[in-house]
Amino acid sequence: MAEVVFPLSGRRVFVAGHRGMVGSALVRRLEREDCLIITASRADLDLLRQAEVERWMAEARPDLVFIAAARVGGILANATRPADFLYENLMIEANLVHAAHLAGVAKTVFLGSSCIYPRLAPQPITETALLTGPLEQTNEAYAIAKIAGIKLGEAYRQQHGMDVISAMPTNLYGPGDNFDPETSHVLPALIRKAHEAKLGGASEMVIWGTGTPLREFLHVDDAADALVHLAKIYSAPEHVNVGSGTDLPILDLAHLVARAVGFEGKIRTDPSKPDGTPRKLMSGERLRELGWAPRIGLEEGVRSVYEWFLRQQPGPEA
Ligand code: GFB
């Protein structure tokens, strides 16, 4: 078992982005620790405004900061709004890292994404593949911002001795996900499509692209558990992949979702929509060596998220 070098007991822990899927999972996970969780509403703290972030951090004085705030979205949102993805993510990470430095925060955990790696990186992708080749076009802006975040952490560690660690989660899903058909990631999009097809009695549901790209998925509660684990035991400049270790073709995922939802019609692909990167399975070896393994299988995870999704639907009119 890895040694705890940063015990959370009695610490003030700031979760930036606590309303998001990852941030809210982190809050749920941290509630099991003996720490004080600090959050800030968007009305109280605009992470895009440097002076506000510096002032807030100086007053809140957290010991540990999780940078779970980010502009995120699926393949279409990324491809059509590159300015938002690049600008907002650069600002959020730069403001938080610099403010944490000024306020003397003891530890900062930065969150990136598996899309930081080259489009055609050898699989499974090890952490050392960073910056070894061209990126996938559909999410280049987001990837560049997240690569800058990793480098920012490395630079502050090198120049200021700041304890910043970086974790790169794979495609995450879970409660609190975005189910909007245009901007969501594939898994929530498929849950919604299958649900609506079932309710509408449709004979088929349509998925984007060829259905052949392979993707790795991790339940956000597993991701949050890994992040808390890393916060406690890890302190080094090298970023760490956070994945489930297995991937599957999007078409297989669509069938798995359809089964969980109970949609029995046909699944048709729409190759006019982008596929994105052909495969991005990350190597989980570094994290395994650090003593962590995922717990929630994909079928079980999808079923539980569908139940969560159903609970969010408006009930029948009284
Ligand atoms: O999850 P997703 O939007 O993003 O799409 P990426 C994954 C794959 O699912 C692509 C296909 O091949 C899509 O064409 N797909 C099929 C669908 N049907 C749908 C659908 O209805 N909606 C969506 N969204 N996809 C994202 C990046 O890449 O991964 C982000 O854009 C981030 O920057 C995230 O890194 C983790 O996996 O391609």
Side-chain angles (χ1 to χ4, degrees), residues 20-22 68 70-86 88-90 111-121 123 125 130 135-150 167-174 177-197 202 204-220 223 239 241-244 247-258 261 263 267-282 298 302 305:
M21 177 176 74
V22 178
R71 157 76 64 173
V72 297
I75 191 166
L76 203 65
N78 269 270
T80 52
R81 304 183 67 181
D84 293 353
F85 280 80
L86 186 50
E88 292 180 24
N89 288 309
L90 284 174
L111 269 71
S113 158
S114 58
C115 72
I116 57 156
Y117 293 113
R119 172 184 162 81
L120 300 178
Q123 313 280 319
I125 312 173
L130 182 65
L135 298 164
E136 156 62 28
Q137 272 304 309
T138 51
N139 54 36
E140 193 184 64
Y142 181 72
I144 293 278
K146 290 297 186 181
I147 293 170
I150 298 173
M168 298 303 119
T170 188
N171 289 34
L172 302 176
Y173 69 97
D177 211 341
N178 166 20
F179 288 82
D180 177 86
E182 292 302 308
T183 60
S184 67
H185 288 101
V186 60
L187 202 150
L190 295 183
I191 288 182
R192 181 165 177 171
K193 280 180 182 176
H195 175 74
E196 290 179 354
E204 63 171 29
M205 78 180 226
V206 180
I207 64 169
W208 294 353
T210 60
T212 58
L214 292 142
R215 290 291 183 274
E216 175 188 12
F217 297 94
L218 182 71
H219 192 285
V220 73
H239 61 279
N241 291 343
V242 176
S244 61
D247 61 357
L248 79 172
I250 293 299
L251 187 58
D252 291 8
L253 175 73
H255 284 290
L256 185 154
V257 169
V261 169
F263 170 67
I267 295 171
R268 188 163 61 81
T269 56
D270 174 6
S272 73
K273 292 283 196 309
D275 266 346
T277 197
R279 190 178 190 197
K280 47 177 173 179
L281 175 66
M282 297 198 303
L298 187 58
V302 167
V305 174

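Read the numbers this way: they start at 1 and go in the same order the structure lists the ligands and their atoms. None of the values given here were measured: they were computed from a predicted structure. Quick note: numbers below take in every heavy atom, side chains included, and nothing from hydrogens, waters or symmetry partners.
Neither the backbone nor the side chain of A254 has any atom closer than 4.0 Å to an atom of ligand 1 (non-hydrogen atoms only). When heavy-atom distances to ligand 1 are checked against a 4.0 Å cut-off, E136 has no atom that comes that close, whether in backbone or side chain. Using a 4.0 Å cut-off between heavy atoms, I207 contacts ligand 1 through both its backbone and its side chain. Neither the backbone nor the side chain of K273 has any atom closer than 4.0 Å to an atom of ligand 1 (non-hydrogen atoms only). The proximity of Y142 to ligand 1, defined as any non-hydrogen pair under 4.0 Å, is limited to the side chain.
In plain terms, the two heavy atoms of G112 and K146 that are nearest each other are CA-CD, 3.7 Å. Scanning both residues, N89 and A145, for their nearest heavy atoms gives CB-CB, 3.6 Å. Scanning all heavy atoms of the two residues, the minimum distance from Y117 to M168 falls at OH-CG, 4.4 Å. Minimum interatomic distance between T170 and G243 (heavy atoms only, all atoms of both residues): CG2-CA, 3.7 Å. Of all heavy-atom pairs spanning L135 and A143, the tightest one is CD1-CB, 4.1 Å.
Taking distance alone, with nitrogen or oxygen atoms compared against 3.5 Å, T277 stays at or beyond that limit from ligand 1.
At the shortest separation from atom 3 (O) of ligand 1 among protein heavy atoms lies I75 N, 2.7 Å. At the shortest separation from atom 21 (O) of ligand 1 among protein heavy atoms lies K193 NZ, 2.6 Å. Protein heavy atom nearest atom 29 (O) of ligand 1, with residue, atom name and distance: K280 NZ, 3.2 Å. The shortest contact between atom 10 (C) of ligand 1 and any protein heavy atom is with D275 O, 3.3 Å. Closest to atom 5 (O) of ligand 1 among all protein heavy atoms lies V186 CB, 3.8 Å. When only non-hydrogen protein atoms are considered, atom 35 (O) of ligand 1 lies nearest to S113 OG, 2.9 Å. Nearest protein heavy-atom neighbour of atom 37 (O) of ligand 1: R215 NE, 2.7 Å. When only non-hydrogen protein atoms are considered, atom 27 (C) of ligand 1 lies nearest to N139 ND2, 3.1 Å.
Of all the atoms in ligand 1, the ones that sit under 4.0 Å from a non-hydrogen atom of G74 are 3 (O), 31 (O). Residue-ligand proximity, C115 to ligand 1, at heavy-atom distances under 4.0 Å covers atoms 33 (O), 35 (O). For ligand 1, the atoms closer than 4.0 angstrom to any heavy atom of P213 are 12 (O).
Distances from atom 14 (O) of ligand 1 to the heavy atoms of P274, G209, P188 show the closest one on P274. In the candidate list S114, A189, S184, S184 is nearest to atom 24 (N) of ligand 1, counting heavy atoms. Nearest to atom 16 (C) of ligand 1 by heavy atom, out of F217, Y173, W208, is W208. Nearest-heavy-atom check against atom 34 (C) of ligand 1 across R192, H185, M205 picks out H185.
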CA sep, side-chain torsions, deciding dist, call: L298, L253, side chain to side chain contact (heavy atoms under 4.5 Å, CB included): CA-CA 9 Å; L298 187 58; L253 175 73; 4.1 Å; yes
Yes or no on side chain to side chain contact (heavy atoms under 4.5 Å, CB included) for V242 and L218, after CA distance, side-chain angles and deciding distance? CA-CA 8 Å; V242 176; L218 182 71; 3.7 Å; yes
Could you walk me through whether W208 and I250 satisfy the side chain to side chain contact (heavy atoms under 4.5 Å, CB included) test, starting with their C-alpha distance in whole Å, then the side-chain angles of each, then the deciding distance to 0.1 Å, before giving a yes or no? CA-CA 9 Å; W208 294 353; I250 293 299; over 6 Å; no
Could you go step by step and tell me if V257 and V302 meet the side chain to side chain contact (heavy atoms under 4.5 Å, CB included) rule? CA-CA 7 Å; V257 169; V302 167; 4.1 Å; yes
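Counting non-hydrogen atoms of other residues, nucleotides and ligands closer than 6.0 Å to CZ of R81 gives a total of 12 or fewer.
The closest approach between G73 and ligand 1 falls below 4.0 Å for a heavy atom of the residue. Within the 4.0 Å heavy-atom shell around ligand 1 one finds N171.
Evaluated for a side chain to side chain donor-acceptor pair (under 3.5 Å) with D247, the options R215, R279, K280 yield exactly one hit, R279.
Within the 4.5 Å cutoff, the side chain of C115 has no heavy atoms near those of the E140 side chain.
Between the side chain of N78 and the backbone N or O of T138, no donor-acceptor pair lies under 3.5 Å. In this structure, the side chain of E216 engages the main chain of M282 through a donor-acceptor pair within 3.5 Å.
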